[in-house]
Every structure is written in C-alpha cells, then in structure tokens.
*Asks:* 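Following this message is one structure expressed as structure tokens.
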Amino acid sequence: MAVPSIHRSADAAESGTRLGWFSDAVLALLIVAALPLAIVAIPNTVSVVAALLPDGIDRVELMRAHGLALPAMMLTVPFAALALRRVGAAHLLVGGLALLAVADAAGGYAGSVFLVGVLRVAHGIGAGLLLPATLVAVWARPPVLRALWAGMLALSLLGAQALALWPLDGVTRWQVTLQPFPLLTGIALALAAVYFVLWMTAGRPAAPVALFEERGRLLKATAPAAGIAVLAISTASQDWRAELVILLAVLAIAGLLALASTGDRAGRASSYTMVAVGVVVLPSIAQVTYVEMRGLGGPGLSGLWLPFCVAGLLAVAAAVLVRVFAVAHTWVTSLGLLAMLAGLSSMRFLTPSPEGLVLVVPFALLAVGASVALTAVLGQAGVGTALFSLALCLPAVLAGYLLGTGVQLTMLRGVTSAQELVDSFVSALHLWALVGGFLMVVVIVMAALLSGRARATQEAGRERQDDVRESGAVAPVPAPAPSPEDGASA
C-alpha cells in the first residue's frame, strides 16, 4: 500500500513543478505587458491632438479631465495593497486589466469632457490595481521575477511619455489618446486570465501579506497622495504663480521624504529610492522627449527609439545581474542612485541633440541606475515595506511633474518669439536636471546618514549585551523577527 502512494506523490510533485515553471513564465510575460500599460496611462497627451478637437468642446477643461489618471492611480495603490491581504493578486490582475480594456473600448465613443474624465479615472484605477498586484504576485516566486519587475518599472517610467505619444503620429481622431494600445491591453488580459486559471489549479496559494505595522503606514500614505492630487488639480484649475507652484511642489517632496524616513533601515532605503525614482525619471524624460520633437529641432520619436530600446534592455539586464550577484550588498543602492545623478548631469551637456543617438548616455544612466537601486532595495525589504514604498512612488511622480511645470513657467515668462520658446524649453530642461541632481544628492546623503545611525544603534546594542554577559546577568532573548523575504504577518 505504501509504494503506490509514494509514486502518486512523486507524480504530483513533478506535475506541480512543471505547472510552477509554466505559471512563472506566464507571470513574466504578464509583467512585461502590464507594467508599461499601467505607467503609460500617466502622461497627459491631449494637447498634442488639440487641432483635432471639435469646436464645441472646452480645451482647457478637457486637458484637466485628461490629467485625472495619475491622481486616481496614486490613490488606488495603497488601498489595492491593503486589499491584497484578503484578495488574491490574480483577482486584482484580471480586474485591473479588464477595467483598462473597458475604458479603452469606451474611449472611442468619448465626446464630452465628463466622459473623458470618467474614462481617465478608470484608467488610473485599473493601473493602480496592476502595480501592487504584480509586485505581490512575484514576491513569493523565484527572485529573478522580482528583478524583472524592478527592471520593467524602470523601463516603463523611462519610455512612458514616448509610448503615449507614439500612437498619435498621423491620427485623425483625438479619442486615440484614450485608447493608445488596445491590442496590447487585450493580450495582457488574456495572459492574466491564463495566470488566474493556473493560480486556481495550484490550489490558490497564499500570497505574502503586509505586516500589521505596514498596514498602518499604507493608510498614512494616502494622506500625501490626496494632498498632492488636490494640489495638482488646483494648479490646473487656477492661474497660480510659478513661484508658488515650485514652493508647494518642494514641500510635497519634503513631506514624502519625511514619511519615507519612518520604519527600519531597509524600509527607509526602499522608500527613499522609490521617491527619488518617481520624482526624477518620468518627469525628466518627459521634458527630454518634448524638447527632442522635430518642431523644436530634434530628431523626433523615430530618432529616439534606439536610445530608448538600448536603455530599456540594459535596465532589465542590470536588474537581473544585481539580483543574481550583488543584491545583498547595501552599497548597490547608492551606486544606482549615483548613476541616476550622472544621467541628470549628462542631460545638461547632451540635450538637445539633433541626432538622438547620443541620448543613449543619459537614458541608460537613468534607467540602469533606477533599475539597480530598485532591485537592491526590493531584495532587502519585506513585502509590506515594498508596498508602502510603491505607494510613495506615484505621488512623487506627480510632485516631480508639478516641480518641472513650475520651472518651465518660470523660464517661459516673457517669451515673444518661436526661437525664444525653444531656448526657454531647453533652459527649463537644464535647470530641471540641476534641481533633480540636487534632490538625488539629498536622498543619497539622507540614506547614508540614517544607515550609519542604524548601524551605530546596532553596535551599541551589542556592546550592552556584552556588558550584561560579562557581569554574569542573563540577557533577555529577543523574539525572532519575521523574514523580510516573505513579509508574512503572525
């Protein structure tokens, strides 16, 4: 009786192994498709097709409605992260992509500002579901999938503006801005359905959940997200002075860094990195993309695709290499942030470029630096800390946009000719690179100081334990800490 049961167990184990490999492969393809779809919902591109808008529609109100995706996304992420304690990541993946597919399909029929606002909010909610769901889905899987997630996030932030503009070349309907990649959305939804079936077949394996402390911090993350969203909507609805916009954006970034300073050393490193990546990468590359358009003397998107592709591939490869060889080293995060600082510095000297190929340097430095830093911090933090850091990343993106807008408004003041307009955009980009570089220095210094303080505290604790042992007293044994790899709560 014992022999048949052993054979059946071996067969089941072999089948489960094959199913696990297939599920991981589907999940990897899903990450490659879903993360760019989520991030490409951020840019507001309706101004590019302003000539196609009907006469009866309010262009200013339409632009404001089109910008609602990012506020909706960043408010969705913390609540979606909390929901993952009770709902499987596979459910949110299917739900988020289904919402994106419905919004894409309805986008072709949009004819009013109200409907555009509703659809853009739907895009933001769908994307906000995908980001934490994909992160939790890869957490308990082979580490290389977590590296792929970090690399694809960096790649998506790098290319989001260009991907959002790509479908608008030569279009005849402005509604294309509401449905940029419907085919890719359908493919991603099909992959999510396959992954959901595999997840059900495997017996609904439990996903790692946030620690109790992280649940409270996730709720706190909604406060700055809501505040920055209100600020962005207010500045878009009223004629605010550039200096006031810059001041409020700086205060918003300072608030995010203050909230990121809570938690343990690994949590601070993760949060600082997410905030820095959010503020710097997409807002910077968005400005570069617009400056390099043909109307401003650049090569256009056709001349930018090679730099984007090379930088993106290097970012994913760097993430995998870091995960395999160097994830345990704390200096890797600082190395990634320094690479981003070098990328911002190179932007001041290499942009604008009439050829475009030279932009491989700043693009690669920014993308690889972000990818390396994200992979390193995600390899050392727990899942709750990672979700909290992700909840800070998107508000940081919007704060970066606000700061960049304030800088542009300052530089465009008093412009009277087309050449002055071009020069002012370029000057604004160079000034923004300087501001972003200063922010990177601040983050690197804060991370180093707090890391050193944490090490000093640990050494002081060891010295106290040594003194207790030398005095003959019995030192209390601390309770075992939960593993940062699974992040499961007791």
Side-chain angles (χ1 to χ4, degrees), residues 154-155 157-162 246 249-250 253 257 272-292 296-299 303-304 306-308 310-312 314-315 318-319 322 331-377 393 396-397 399-401 403-408 410-411 422-449:
L155 186 157
L157 290 170
L158 178 79
Q161 191 70 43
I246 292 174
V250 170
I253 295 172
L257 289 175
Y272 288 153
T273 301
M274 283 285 192
V275 170
V277 168
V279 171
V280 168
V281 178
L282 180 50
S284 299
I285 298 300
Q287 291 193 47
V288 174
T289 304
Y290 277 121
V291 167
E292 296 295 339
L296 297 178
L304 295 179
L306 181 58
F308 274 125
V310 171
L314 289 176
V322 167
W331 55 264
V332 177
T333 304
S334 298
L335 182 64
L337 296 177
L338 286 172
M340 292 176 62
L341 177 60
L344 290 170
S345 300
S346 66
M347 282 171 50
R348 291 179 54 84
F349 301 102
L350 300 179
T351 57
S353 170
E355 299 299 329
L357 186 59
V358 71
L359 294 176
V360 167
V361 176
F363 286 3
L365 286 171
L366 278 173
V368 172
S371 176
V372 167
L374 289 173
T375 304
V377 294
C393 182
V397 172
Y401 268 125
L403 184 56
T405 300
V407 171
Q408 284 185 337
T410 301
M411 302 305 296
V422 174
D423 294 340
S424 297
F425 270 117
V426 173
S427 299
L429 173 60
H430 291 170
L431 179 58
W432 164 253
L434 183 63
V435 173
F438 177 76
L439 172 66
M440 296 304 304
V441 172
V442 170
V443 170
I444 292 171
V445 171
M446 289 180 66
L449 289 177

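Residue indices begin at 1 and follow the sequence shown. Predicted model, so just to flag it, every value in this text is computed and none were measured.
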*Asks:* In chain order, what residues pass the side-chain contact (heavy atoms from CB on, under 4.5 Å) check against V368, with sequence neighbours excluded?
*Replies:*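 So V368 forms a side-chain contact (heavy atoms from CB on, under 4.5 Å) with L314, A318, V372.
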*Asks:* For P307 versus V360, what's the shortest heavy-atom pair and its separation?
*Replies:*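 Where P307 meets V360 most closely, the heavy atoms are CA-CG2, 3.5 Å.
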*Asks:* Taking side-chain contact (heavy atoms from CB on, under 4.5 Å) as the criterion, tell me which of L157, V288, I285, L282 meets it with L366.
*Replies:*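 So the option named by the test is I285.
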*Asks:* Do you know which two heavy atoms are closest between A276 and M440, and how far apart they sit?
*Replies:*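 Minimum heavy-atom separation between A276 and M440: CB-SD, 3.9 Å.
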*Asks:* Of all the heavy-atom pairs spanning P362 and G343, show the shortest one and how long it is.
*Replies:*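 Taking P362 first and G343 second, the nearest heavy atoms are CB-O, 3.7 Å.
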*Asks:* So, do M274 and V377 sit near enough that their side-chain heavy atoms are less than 4.5 Å apart?
*Replies:*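 When only atoms from C-beta onward are counted, V377 and M274 do not touch, as no gap falls below 4.5 Å.
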*Asks:* Under the ring-ring contact (aromatic ring centres under 6.0 Å, His included) test, which residues partner F363, sequence neighbours left out?
*Replies:*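 ring-ring contact (aromatic ring centres under 6.0 Å, His included) list for F363, sorted by chain: F308.
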*Asks:* Do V279 and V397 come within less than 4.5 Å of each other through their side chains, counting heavy atoms only?
*Replies:*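 Heavy-atom side-chain distance check fails, nothing below 4.5 Å.
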*Asks:* Could you tell me which residues satisfy side-chain contact (heavy atoms from CB on, under 4.5 Å) with L306, sequence neighbours excluded, listed by chain and number?
*Replies:*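 With sequence neighbours excluded, L306 shows a side-chain contact (heavy atoms from CB on, under 4.5 Å) to V310, L357, given in chain and number order.
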*Asks:* With sequence neighbours excluded, what pairs up with S334 under the side-chain contact (heavy atoms from CB on, under 4.5 Å) test?
*Replies:*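 S334: no side-chain contact (heavy atoms from CB on, under 4.5 Å) contacts found.
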*Asks:* Could you tell me if the side chain of Y290 sits less than 4.5 Å from the side chain of Q161, heavy atoms only?
*Replies:*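 They are in contact (side-chain heavy atoms under 4.5 Å apart), so the answer is yes.
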*Asks:* For the atom pair CG (L158) and OG (S371), what is the distance rounded to the nearest 0.5 Å?
*Replies:*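 Nearest 0.5 Å value for the CG-OG distance: 11.0 Å.
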*Asks:* Can you check whether Y401's main-chain N or O pairs, donor with acceptor, with T405's side chain at less than 3.5 Å?
*Replies:*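 Looks like yes, one N/O pair under 3.5 Å.
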*Asks:* Quick one, S346 and L365 - any side-chain contact, counting heavy atoms below 4.5 Å?
*Replies:*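 S346 reaches L365 side chain to side chain.
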*Asks:* Just to verify, what does A370 make a side-chain contact (heavy atoms from CB on, under 4.5 Å) with, not counting sequence neighbours?
*Replies:*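 For A370, the residues satisfying side-chain contact (heavy atoms from CB on, under 4.5 Å) (neighbours in sequence not counted) are A154, V277, V281, M340.
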*Asks:* Using a 4.5 Å cut-off on heavy atoms from C-beta on, say whether the side chain of V280 contacts that of L344.
*Replies:*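 Counting from C-beta outward, L344 and V280 do come under 4.5 Å.
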*Asks:* Is L359 close to L304 at the side-chain level, that is, under 4.5 Å between some pair of heavy atoms?
*Replies:*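 In contact.
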*Asks:* Evaluate the criterion side-chain contact (heavy atoms from CB on, under 4.5 Å) for residue pair M347 and Q287; output intermediate values, then yes/no.
*Replies:* CA-CA 11 Å; M347 282 171 50; Q287 291 193 47; over 6 Å; no
*Asks:* Return a table of donor-acceptor pairs under 3.5 angstrom between the side chains of residues 427-434 and protein atoms on other chains or two or more places apart.
*Replies:*
{"unit_1": "S427", "atom_1": "OG", "unit_2": "D423", "atom_2": "O", "d": "2.9"}
{"unit_1": "H430", "atom_1": "NE2", "unit_2": "T351", "atom_2": "O", "d": "2.7"}
{"unit_1": "W432", "atom_1": "NE1", "unit_2": "S284", "atom_2": "OG", "d": "2.7"}

*Asks:* To the nearest 0.5 Å, how far apart are OG1 in T273 and CG in L374?
*Replies:*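 Nearest 0.5 Å value for the OG1-CG distance: 7.0 Å.
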*Asks:* Say you draw a straight line from CD1 of I246 to OG1 of T410; how long is it, rounded to the nearest 0.5 Å?
*Replies:*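 Answer for the CD1-OG1 pair, I246 versus T410, is 3.5 Å.
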*Asks:* Taking all non-hydrogen atoms of both residues into account, name the closest pair between A399 and I253 and its distance.
*Replies:*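 Of all heavy-atom pairs spanning A399 and I253, the closest is CB-CG1, 3.7 Å.
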